[in-house]
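Scroll down for the structure; my scribbles are underneath it.
Nothing here was measured: the structure is a model prediction, and the numbers come from that model. To find a chain, count down the sequence lines: A is the first, B the second, and so on, and within it residues start at 1.
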2 protein chains.
Amino acid sequence: MSSRSRVPRPAARRLSLYLRELKLRARDGSATISSRQLGEALGLTDAQVRKDLAHFGHFGQPGVGYRCVDLLERLRMIMGIDRAWPCVLVGAGNIGRALLSYRRFEEDGFEIKAVFDRSRDIVGTTIAGHKVRPIEDLARGVASLKAEIGIVAVPADAAPAVAAMLVDARIRGILNFTPCRLDVPAAICVRNVDFSVALEQLAFDVSLAAAQDDES
Amino acid sequence: MSSRSRVPRPAARRLSLYLRELKLRARDGSATISSRQLGEALGLTDAQVRKDLAHFGHFGQPGVGYRCVDLLERLRMIMGIDRAWPCVLVGAGNIGRALLSYRRFEEDGFEIKAVFDRSRDIVGTTIAGHKVRPIEDLARGVASLKAEIGIVAVPADAAPAVAAMLVDARIRGILNFTPCRLDVPAAICVRNVDFSVALEQLAFDVSLAAAQDDES
DNA sequence: CGTTGTGAAATGATTCACAGCT
DNA sequence: AGCTGTGAATCATTTCACAACG
């Protein structure tokens with residue numbers, strides 16, 4: 001489809017939020033939703049919702065709004081999640097285990113096809129139905145499963161090596177749960193989920209809110 | 001300190017990134033770091049680093065750069081993490097367990113002071129040194145521990161009720177691991193960590209990268 | 001009516017470029 | 001020399017406001 005180079009990045013990132021709200025509405029049986037309703041649910045203005053969606057096509061009906069199920073399906077196509085995304089997980093520690101038990105991924109086509117760990121104690125055990133394989137099998141596993149996304153949930157010190165292995169294995173994207181900045185070729189997408197950063201930013205927000213309280 | 005209303009939000013969010021890199025440099029024994037080095041490590045331009053930091057004060061020395069330990073301490077003050085932040089965790093499932101074992105929080109002054117769950121099977125057990133308490137004790141616990149941050153790691157259906165309880169308990173900030181948008185008064189800060197959203201955005205990025213490959 | 005889609009205006013953020021300091 | 005801090009210029013995003021539509 002058309003050139004998405006002109007789509008503002010913030011707009012592209014909000015698509016997941018629209019998707020989530022639409023799933024809820026569709027499940028609740030709403031036939032349509034207006035940009036105002038969608039915006040209200042997400043803390044955005046109606047104009048922003050319309051402009052965001054308009055970057056990708058003409059999905060709405062004047063006087064009516066957007067048909068939930070329709071828009072849902074269109075967004076899935078646009079985001080590339082109208083198909084299965086085979087994933088591999090590296091690291092079967094606490095975070096890895098939590099991810100394996102997190103059923104919500106599968107709803108969206110993300111399926112953890114294999115789990116790898118370096119610890120001899122963990123390799124061979126089964127966690128939430130997944131047998132843990134030795135890290136040495138990673139490249140072969142990625143290739144044979146045609147996995148495109150790698151989830152890194154290892155201790156920080158192992159992260160660079162794991163990232164390098166995933167790159168060698170021709171992975172396309174990495175979801176990084178370690179606090180390291182992974183140094184990978186530009187063609188490989190990385191998204192970081194850092195709990196400490198999230199907590200710090202929250203503390204910052206709370207501090208600022210407290211400072212504003214004091215002012216008034 | 002001065003009015004921070006004019007600090008761009010993106011700049012404020014990058015402070016955590018600067019902090020993380022500075023910790024590394026300080027640990028490695030670097031005395032100073034230039035805006036260019038800091039930017040390179042984080043994928044930003046030197047000008048942006050300087051402008052970001054200049055929003056909060058004059059921390060650098062022309063011809064030299066920034067003294068790592070100094071800047072580290074200043075950033076901690078600015079972000080409000082130069083003190084302890086007592087936290088409570090609600091939900092002792094897989095994610096909650098992972099968080100309890102995540103030692104990195106404590107390094108930064110975030111300490112989980114109490115854990116609550118609604119399941120009779122889990123209440124009373126001890127996880128990573130924390131005894132799990134019944135959810136009914138939440139309000140009392142928050143008050144007696146003077147907890148300011150609540151971490152929500154419960155199933156999605158329980159999230160709204162838990163958020164309401166935390167609000168009633170006079171919490172200041174919520175770190176939300178559920179895929180729900182929590183509806184709380186404006187004075188209460190919420191930061192969401194949604195694994196599915198992260199995966200979706202990653203898949204989107206990968207799709208776009210693939211589309212660009214095809215073009216060329 | 002109410003709602004979308006969209007140019008135009010306003011706001012916000014980043015980059016540039018350089019004076020001034022060490 | 002090397003580097004910071006910053007006004008000015010550029011670039012990006014959001015909001016406004018309204019014509020066109022069902």
Inset, instruction - Identify the residue among B/R50, B/E40, B/Q48, B/K51 that makes a side chain to side chain donor-acceptor pair (under 3.5 Å) with B/S35. - result: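 When B/R50, B/E40, B/Q48, B/K51 are each tested with B/S35, the side chain to side chain donor-acceptor pair (under 3.5 Å) holds only for B/R50.
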
Inset, instruction - Anything under 4.0 Å to a heavy atom of chain B counts; send over the first and last such nucleotide of DNA chain D, read 5' to 3'. - result: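 Answer, 5' to 3': D/dG2 to D/dA8.
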
Legend entry - Pairwise 5' ranking along DNA chain D for A/A47 and A/V64, keeping only the more 5' one: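 Mapping each residue to its closest nucleotide by heavy atoms, the 5'-most match is A/A47.
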
Inset, instruction - With DNA chain D as reference, determine whether A/Q61 or A/P10 sits nearer its 5' end, using the nearest nucleotide of each. - result: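 Per heavy-atom nearest nucleotide, the more 5' residue is A/P10.
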
Inset, instruction - Return no unless some side-chain N or O of A/Y66 is found under 4.0 Å from OP1 or OP2 of C/dG2. - result: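 Checking C/dG2 against A/Y66, no side-chain N or O comes under 4.0 Å of OP1 or OP2.
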
Legend entry - Under-4.0 Å side-chain N/O to phosphate OP1/OP2 contact, B/Q48 with C/dT14: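 True: B/Q48 side-chain N/O within range (under 4.0 Å) of C/dT14 OP1/OP2.
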
Once you round it to whole Å, what is the distance between [atom2] of [N] and [atom1] of [X]?
{"X": "B/R9", "N": "C/dG12", "atom1": "CZ", "atom2": "P", "value": "12 Å"}
{"X": "A/F56", "N": "C/dT6", "atom1": "CZ", "atom2": "C1'", "value": "16 Å"}
{"X": "A/L53", "N": "C/dT6", "atom1": "CG", "atom2": "P", "value": "12 Å"}
{"X": "A/L71", "N": "C/dT3", "atom1": "CG", "atom2": "C1'", "value": "15 Å"}
{"X": "B/H55", "N": "C/dG12", "atom1": "NE2", "atom2": "C1'", "value": "11 Å"}
{"X": "A/R50", "N": "C/dG5", "atom1": "CZ", "atom2": "C1'", "value": "7 Å"}
{"X": "A/L38", "N": "C/dG2", "atom1": "CG", "atom2": "C1'", "value": "17 Å"}
{"X": "B/R14", "N": "C/dA13", "atom1": "CZ", "atom2": "P", "value": "9 Å"}

So, [X] and [Y]: side-chain donor and acceptor under 3.5 Å apart, yes or no?
{"X": "B/R191", "Y": "A/Q201", "answer": "yes"}
{"X": "A/R67", "Y": "A/T32", "answer": "no"}
{"X": "A/N94", "Y": "B/Y102", "answer": "no"}

Inset, instruction - Check the angle between the aromatic planes of B/F195 and A/F177 and answer parallel, tilted or perpendicular using the 30° and 60° thresholds. - result: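 Aromatic pair B/F195/A/F177 classed perpendicular.
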
Legend entry - DNA chain C: 5'-proximal contact among A/H58 and A/G65 (nearest heavy atom):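 Comparing both residues, the 5'-ward one is A/G65.
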
Inset, instruction - Would you state whether a donor and an acceptor, one from the side chain of B/K51 and one from the base of C/dT14, lie under 3.5 Å apart? - result: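 Looking at the base of C/dT14, it does not pair with any donor or acceptor on the side chain of B/K51 (distance under 3.5 Å).
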
Legend entry - B/A210: side chain to side chain contact (heavy atoms under 4.5 Å, CB included) partners, not counting sequence neighbours: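 By the side chain to side chain contact (heavy atoms under 4.5 Å, CB included) rule, B/A210 matches A/R172.
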
Inset, instruction - Give a yes or no answer on whether the side chain of B/W85 reaches the backbone of B/G80 with a donor-acceptor pair at less than 3.5 Å. - result: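 Confirmed, B/W85 side chain pairs with B/G80 backbone.
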
